[in-house]
Amino acid sequence: MLGAGAMGCLFATALHRSDCATTLLLRASDGRETVQVVVERHGRSTTIELPAASVAARGPISHLLVTTKAYDAHHAIATIAHRLRHDSKVLLMMNGMGLADELRADFPQLHIYSGTTTEGAYRLAPLHVRHAGQGHTRIGQPGTTTPPAWFHQWSRAVAACQWDGNIEEALWLKLAINCAINPLTAVYACRNGELASRPELAARVDQLCDEIALISSAAGQPRVATGLRRSVAQVIAATADNRSSMLQDVQDGRRTEVDYITGYLLNTARDFGIPAPHNAALLESIQKIDR
Ligand code: PAF
């Protein structure tokens, strides 16, 4: 697997513990054949020894889980492309949309799957994560209703993990929620809950939601559009004390994933000729912070 952030560590250790041979691919493995990953859960800390290898290692990869940042994934996959076979399965688990289509165009031989999760996990230090709350994980491939054989390993390893025959809808809903919450929290340096408790920010969330709903509908996702304001309000309430992933990226000096979140939304809006000035203004503000 590629990507040793919070979600990567969480899923890699879960798969490893359910006897699925899992190797963490590291940019600089320094010759290490294993790494120790620490997972904290309910106040208890568990150390798991995971097989590791350099991205430069040889040997075919039949199944690849990618949990890098969206903007790193294409390059990371290109680095190990020589190890992927004509029928390798690649599962993308990251924020944002657009990457799967880019990869299908550039690596047409690969079988690309996408996943989205509400698992709560954050990184305390390199290879050290806290699993803060159990969520729901959905995995799928556009047009594929029956889960492939490899999915059974996932359903055994990861609690509340389901095959989703309509994964595009789940990805669009996640995108819509991320568009409404993440850039605003990053610009105002506020926790998610302030988007509901500060009236001026709540009004901006509503303006964003109205644009996002129109774009989602045009993109063939009317169920995402219906009740979007309510869905966003629920996520804000459930994550009120959290710093969004985009705010964390900005505060930690990392590049944000805005191009794959609001950027993807605005590309879709452009395709359908839908004006989206509120989202466009936010994208511009984040891009100024980013570069
Ligand atoms: O990206 C995030 O931070 C999360 O997806 C969400 C749901 C916006 C909560 O903070």
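Counting starts at 1 for both ligands and their atoms, in listed order.
- Residues Pro148 and Trp163 are in side-chain contact: their nearest non-hydrogen atoms beyond the backbone lie under 4.5 Å apart.
- Every residue two or more places apart in sequence or in another chain that forms a ring pair (Phe, Tyr, Trp, His ring centres under 6.0 Å) with Phe107 is listed here: His74.
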Next on the checklist: Checking Arg204 against Tyr188 for the side chain to side chain donor-acceptor pair (under 3.5 Å) test, could you report, in this order, the C-alpha distance in whole Å, the side-chain angles of both residues, the deciding distance, and whether it holds?
Outcome noted: CA-CA 12 Å; Arg204 292 200 62 182; Tyr188 287 91; 2.7 Å; yes
Output, or 'none' if empty, a list of ligand 1-protein atom pairs in which both atoms are N or O and the distance is under 3.5 Å, rounded to 0.1 Å.
{"from": "ligand 1", "atom 1": "1 (O)", "to": "Asn178", "atom 2": "ND2", "distance (Å)": "3.4"}
{"from": "ligand 1", "atom 1": "1 (O)", "to": "Asn182", "atom 2": "ND2", "distance (Å)": "3.0"}
{"from": "ligand 1", "atom 1": "1 (O)", "to": "Ser245", "atom 2": "OG", "distance (Å)": "2.6"}
{"from": "ligand 1", "atom 1": "3 (O)", "to": "Ser245", "atom 2": "N", "distance (Å)": "2.8"}
{"from": "ligand 1", "atom 1": "3 (O)", "to": "Ser245", "atom 2": "OG", "distance (Å)": "3.4"}
{"from": "ligand 1", "atom 1": "5 (O)", "to": "Lys174", "atom 2": "NZ", "distance (Å)": "2.8"}
{"from": "ligand 1", "atom 1": "5 (O)", "to": "Asn178", "atom 2": "ND2", "distance (Å)": "3.0"}
{"from": "ligand 1", "atom 1": "10 (O)", "to": "Asn192", "atom 2": "ND2", "distance (Å)": "2.7"}

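- Using a 4.0 Å cut-off between charged side-chain N and carboxylate O, Asp241 and Arg191 make no salt bridge.
- Between Asp290 and Thr256, the side chains place a donor N or O and an acceptor N or O closer than 3.5 Å (distance only, hydrogens not considered).
- Side-chain contact, Thr34 with Glu49: a donor N or O sits under 3.5 Å from an acceptor N or O.
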